[in-house]
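These numbers come from the heavy atoms of this one structure, side chains and all, not from hydrogens, waters or symmetry mates.
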Amino acid sequence: MFDFTPDPVLLVLGPLTIGWYGLGYAVGLAATYMVMVRLARRAGERAEILANGMIIVAVAALIGGRMYHVIDQWALYKDDLLKIVMPPYSGLGVYGGIATGIVAAYLYARYKRAPFPRWTDIVAPGLFTMQAIARWGNFFNQELYGSPTTLPWGIPIECQYRVADLLCSNPPTASDLATRFHPLFLYESISGVLGALTLIWIGFHLRRHLRPGDLFLLFLVWYGVVRFSLETLRHAN
């Protein structure tokens, strides 16, 4: 039985608080950059345009992801709008990040006169890489968990992090504290690893059968199916 509950804070330096969530995204971005540089060079594209492009897309994705999260969890912010923009940030919506990131990537590719469909195939395995690593930030924030489970890999969630339909009693009972939940962040992380490896393999071995953009479309389908499947385990009684 898994009994560890993490501290979301990695380090405090005076007024600056550094969380595991932010570190996860930083490490994910670095790994994603390395994967995409290698794939771009193998595809014969200009890998040097990636550095600035990733910064632009990352900023756009963070803004879109935050907007999506705030809209999705409006009840948490409607009475204190400053929580939307003031740290610490406790949530990003992946769909919003993907949407704004795609728009930013398209505009950047047009600016650099780069073939956008070919670049989406390079980016797709990188997105899975980002997902595989960054999802662990949700573990440290005790979020992205599902319904109660008796499976051996179920994780504990402290009472203050539980959503409305899974709240603890007041005071918490032994049953509340013993409850374990589906680690949806882990399921998505594993999906990211498998997705990245699958797309890279397909890109290397089946390239002649693909059109530019096919790998990115496969990413969208894969990700959509996984998220839809996990919604059946999300906060259900």
Task: Hydrophobic cluster identity match, Ile49 and Leu107, side-chain contacts under 4.5 Å - done: yes
Task: Same apolar cluster (I L V M F W Y, side chains within < 4.5 Å links), Ile122/Phe204 - done: yes
Task: Contacts of Arg38 that satisfy side-chain contact (heavy atoms from CB on, under 4.5 Å) - sequence neighbours left out - done: none
Open item on the list: Test your reading of the model: is there a side-chain donor-acceptor pair from Thr129 to the backbone of Thr32, 3.5 Å cut-off?
Closed with: no
Task: Minimum side-chain heavy-atom gap Val57-Tyr108 below 4.5 Å - done: no
- [ ] For Ala132 and Gly192, work out which heavy atoms get closest and say how close.
- [x] CB-C, 4.0 Å
- [ ] Group every Ile, Leu, Val, Met, Phe, Trp and Tyr by side-chain heavy-atom contacts under 4.5 Å, then state whether Val12 and Ile18 land in the same group.
- [x] no
Open item on the list: Ala58: which residues meet the side-chain contact (heavy atoms from CB on, under 4.5 Å) condition with it, sequence neighbours left out?
Closed with: Leu29
Open item on the list: Does the plane of the ring in Trp136 sit parallel, tilted or perpendicular to the ring in Phe185? Use 30° and 60° as the thresholds.
Closed with: perpendicular
TODO: Would you give the length of the straight line joining atom CZ of Arg207 to atom CG of Asp214, rounded to the nearest 0.5 angstrom?
DONE: 8.5 Å
Open item on the list: Hydrophobic clustering (ILVMFWY, side-chain heavy atoms < 4.5 Å, transitive) - are Leu151 and Phe181 grouped together?
Closed with: yes
Open item on the list: If you compare all heavy atoms of Ala60 against all heavy atoms of Thr100, which two are closest, and at what distance to 0.1 Å?
Closed with: O-OG1, 2.7 Å
- [ ] Answer whether the closest heavy-atom distance between the side chains of Thr120 and Tyr106 falls below 4.5 Å.
- [x] no
Task: Nearest atoms (heavy-atom pairs only) where Gly146 meets Leu166 - done: O-CD1, 4.1 Å
Open item on the list: Would you say that more than 12 heavy atoms from the other residues, nucleotides or ligands in this model lie under 6.0 Å from the CZ of Arg41, or not?
Closed with: no
Task: Inter- and intrachain pairs under ring pair (Phe, Tyr, Trp, His ring centres under 6.0 Å), touching residues 25-58, at least two apart - done: Tyr21-Tyr25
Open item on the list: Tell me the closest heavy-atom pair linking Trp222 and Thr198, and the distance in Å.
Closed with: CH2-OG1, 3.6 Å
- [ ] State whether the side chain of Thr232 and the backbone N or O of Phe228 hold a donor-acceptor pair below 3.5 Å, judged by distance alone.
- [x] no
Task: Common cluster, Val27/Met34, ILVMFWY with side-chain heavy-atom separation under 4.5 Å - done: no
- [ ] Considering non-hydrogen atoms only, spot the tightest contact between Trp119 and Ala40 and give its length.
- [x] CH2-CB, 3.7 Å
